[in-house]
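Letters go in sequence order (proteins before strands), and every chain restarts at 1. All values below come from the heavy atoms of this structure, side chains included, with hydrogens, waters and symmetry mates left out.
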Protein chains: 2
Amino acid sequence: MSNEPRKQRPGLRASQKEATGKAVLEAAREEFERVGFEAANLRAIAARAGVSAGTVIHHYGDKRELLHAALFDDLDETLRQALAGLGPGPLEKQLSELTRAVFGYYQRRPKLSRTLLKESLFADEPWARKFTAQAGMVHGALARLATEASARGELRPGADGALFAAAYLSFFYFALISWVQGAHPSPVSMVEHLVHQHLEGLRPVRKTPSRRSAR
Amino acid sequence: MSNEPRKQRPGLRASQKEATGKAVLEAAREEFERVGFEAANLRAIAARAGVSAGTVIHHYGDKRELLHAALFDDLDETLRQALAGLGPGPLEKQLSELTRAVFGYYQRRPKLSRTLLKESLFADEPWARKFTAQAGMVHGALARLATEASARGELRPGADGALFAAAYLSFFYFALISWVQGAHPSPVSMVEHLVHQHLEGLRPVRKTPSRRSAR
DNA sequence: CACGTTCAATGAACGTGTTTAATGAAGGCG
DNA sequence: CGCCTTCATTAAACACGTTCATTGAACGTG
């Protein structure tokens, strides 16, 4: 039972392995963004990293995991910064900022955005778990935003923040899928309209709301 | 050789081609549903249809197109029947029926539902066009349902039926993706909750609506 | 240091989707 | 009927992701 915190010295072999892994990841990022996922060639990525194809697989399991390993952190960072950088504004404005920021992540990788979305939505384990956790983080942040908005009087007191968060995510993914499939020029305004309608509701008016009915 | 119905357009070569095409399609359906998309082997499908692997590709271009060719019509039929069979009930009940019916289509193909959804949402041309058209048909029918509900007084007169349809589709796909990824046991109730919230809205109450706020 | 063990790395081999050149039967035409 | 054209079909070749046995250097231990 020697479960001591056995401090592993860097070790020459371990650090070499880490270096190789990073080189492969960098080569993969470049190739994926340059020619897209399906057109990217594992042997080409391996050559660019100065290793053999077998080494790439030995490190990352398969091509899809390599994609996720190469790009997950960037998306995660984008999400965290977008959430952290939200202004105090009204809920709809905050969501609009968030939509724009995350959309930008995909827009910045035109050759890759379609596959990126496709493979992250339908990832296998262990990445499915990571993406679920990531979505859970965003979901929680959104629910918190809704609660704050409720406290400001923008939403009714009993509003279900978690359910609202699910609705926003539905709208966002639907719009994003429509965009990558070429069905809409920009998901931002679609999400905005859907969020607005979701907040206002569609039931018969009891009294005309005094809020601006823009758009 | 007098069994020829007449000098018809088809011609011997054309009708032979159509026969092999159908045989391939049937073999593909069976193999796909039996072992799933990725595990299905083109040479096995070809053998089952009594042709060579090249013939399968010659007919359908690639493996993904074969999947769509094999299963699109079934989904289309499911959708049309679900839409045609909707009762006169209130809008939320109609949507619940629709959700159940379409969900059933995926539920009936456990080995295939994940890939089916994945590949249809992110299809390439020419199938992307067909799926977009199919979604457009459902979208139109949903907008019509909303308009009718509006005429019945369930929704406010100015309600945007098209936007509501987009919201429903967002919820449905989000719930379906969550389901195929194993994140939720059944998409039906999730869609129901989201639709309900969408209809009621989240703005502060001006006057207490007579409906009870479930959940 | 000597010796056995671990393991990152390799390249050849494999499975499978896709491409291609060849084939031969159907179809059109004088 | 002869001849040429079309084209569905095929087998072989190819491309690429993935598997696997092998290797040799790093590592741990006495």
Side-chain angles (χ1 to χ4, degrees), chain A residues 2 4 6-25 27-28 31-32 34-70 115 118-119 123-124 127, chain B residues 1 3-25 27-28 31-32 34-70 115 118-119 123-124 127:
Chain A
S2 58
E4 303 176 33
R6 203 88 198 114
K7 181 62 190 86
Q8 305 247 36
R9 296 183 302 280
L12 203 158
R13 188 149 67 180
S15 64
Q16 254 304 333
K17 178 177 184 180
E18 190 185 332
T20 304
K22 290 207 125 195
V24 169
L25 227 48
E31 277 297 288
F32 284 149
R34 191 169 67 84
V35 301
F37 178 72
E38 315 221 336
N41 186 314
L42 277 195
R43 287 173 173 83
I45 291 173
R48 186 188 273 256
V51 298
S52 74
T55 298
V56 174
I57 295 296
H58 177 256
H59 274 246
Y60 297 100
D62 65 20
K63 195 183 179 186
R64 279 177 193 158
E65 293 199 31
L66 178 60
L67 175 74
H68 294 139
T115 304
K118 178 180 178 179
E119 297 301 335
D124 295 310
W127 287 95
Chain B
M1 314 313 168
N3 58 351
E4 300 294 357
R6 196 70 207 128
K7 234 196 273 201
Q8 75 277 43
R9 285 299 138 65
L12 203 158
R13 188 147 67 179
S15 63
Q16 255 304 332
K17 178 177 185 180
E18 190 186 333
T20 55
K22 289 207 124 194
V24 169
L25 227 48
E31 279 297 288
F32 284 149
R34 192 169 66 84
V35 302
F37 178 72
E38 314 222 330
N41 185 314
L42 278 194
R43 286 173 174 82
I45 292 173
R48 185 186 272 257
V51 297
S52 74
T55 297
V56 175
I57 293 298
H58 177 257
H59 274 245
Y60 298 101
D62 65 20
K63 197 183 179 186
R64 280 180 193 157
E65 293 198 31
L66 178 61
L67 175 74
H68 294 139
T115 304
K118 178 179 177 179
E119 297 302 333
D124 296 309
W127 286 95

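Nucleotide D/dT6 holds its C1' atom 11 Å from the NE2 atom of B/H58, rounded to whole Å. Distance A/H59 NE2 to C/dA8 C1': 6 Å, rounded to the nearest Å. Atoms CD (B/Q16) and P (D/dT10) sit 10 Å apart, rounded to a whole Å. Distance, B/D62 CG to D/dA15 P: 18 Å, rounded to whole Å. The CZ-P distance, from A/R13 to D/dG24, rounds to 15 Å in whole Å. Taking atom NZ on A/K17 and atom P on C/dT10, their separation rounds to 13 Å, with Å as the unit. Here the P atom of nucleotide D/dT18 and the NZ atom of A/K63 are 8 Å apart, to the nearest Å. For the pair A/Y60 OH and D/dT19 P, the interatomic distance rounds to 17 Å; values are reported in whole Å.
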**OP:** Evaluate side chain to side chain contact (heavy atoms under 4.5 Å, CB included) for B/R64 paired with B/D124, printing each intermediate quantity in order.
**Re:** CA-CA 9 Å; B/R64 280 180 193 157; B/D124 296 309; 3.9 Å; yes

**OP:** For side chain to side chain contact (heavy atoms under 4.5 Å, CB included), just list the numbers for A/I45 and A/F32, CA-CA rounded to whole Å, side-chain angles, deciding distance to a tenth of an Å, and then say yes or no.
**Re:** CA-CA 9 Å; A/I45 291 173; A/F32 284 149; 4.1 Å; yes

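The two residues B/Y60 and B/V24 make their nearest non-hydrogen contact at CE1-CG1, 3.8 Å. Residues B/A46 and B/V56 approach most closely at CB-CG2, 3.7 Å, considering heavy atoms.
Note on B/T55: a side-chain N or O is less than 4.0 Å away from OP1 or OP2 of D/dT10. OP1 or OP2 of C/dG17 lies within a sub-4.0 Å distance of a side-chain N or O belonging to B/N41.
Note that CD of B/E119 is 3.5 Å distant from NZ of A/K118, once rounded to the nearest 0.5 Å. Rounding to the nearest 0.5 Å places CD of B/E31 at 8.0 Å from CG of B/N41. Atom NE2 of B/H59 sits about 13.5 Å away from atom CD of B/E65, to the nearest 0.5 Å.
Looking only at distances, a side-chain donor or acceptor of A/S15 sits under 3.5 Å from a matching main-chain atom of A/G11.
Contacts between residues 45-54 of chain B and DNA chain D, defined by a heavy-atom separation below 4.0 Å, involve B/V51, B/S52, B/G54, listed by number.
The nucleotide whose nearest atom lies closest to any side-chain atom of B/T20 is, among C/dA9, D/dT9, D/dT18, D/dT9. For B/L42, taking side-chain heavy atoms from C-beta onward, the closest of the listed nucleotides D/dT9, D/dT18, C/dG17 is C/dG17. Side chain of A/I57, nearest nucleotide from D/dA13, D/dT9, D/dT19: D/dT19.
B/L66 has its side chain within reach of B/L25: a pair of non-hydrogen atoms, C-beta onward, lies under 4.5 Å apart. Side chains of A/K63 and A/L42 form a contact here, defined as non-hydrogen atoms less than 4.5 Å apart.
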Subject >> Secondary structure of DNA chain D in dot-bracket form (Watson-Crick or G-U wobble, distances below 3.5 Å, | marking inter-strand pairs) >> reply: ||||||||||||||||||||||||||||||

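A/A40 comes within 4.0 angstrom of the backbone, heavy atoms only, and of no base.
A donor-acceptor contact under 3.5 Å is not formed by the side chain of B/R43 with the base of C/dG15.
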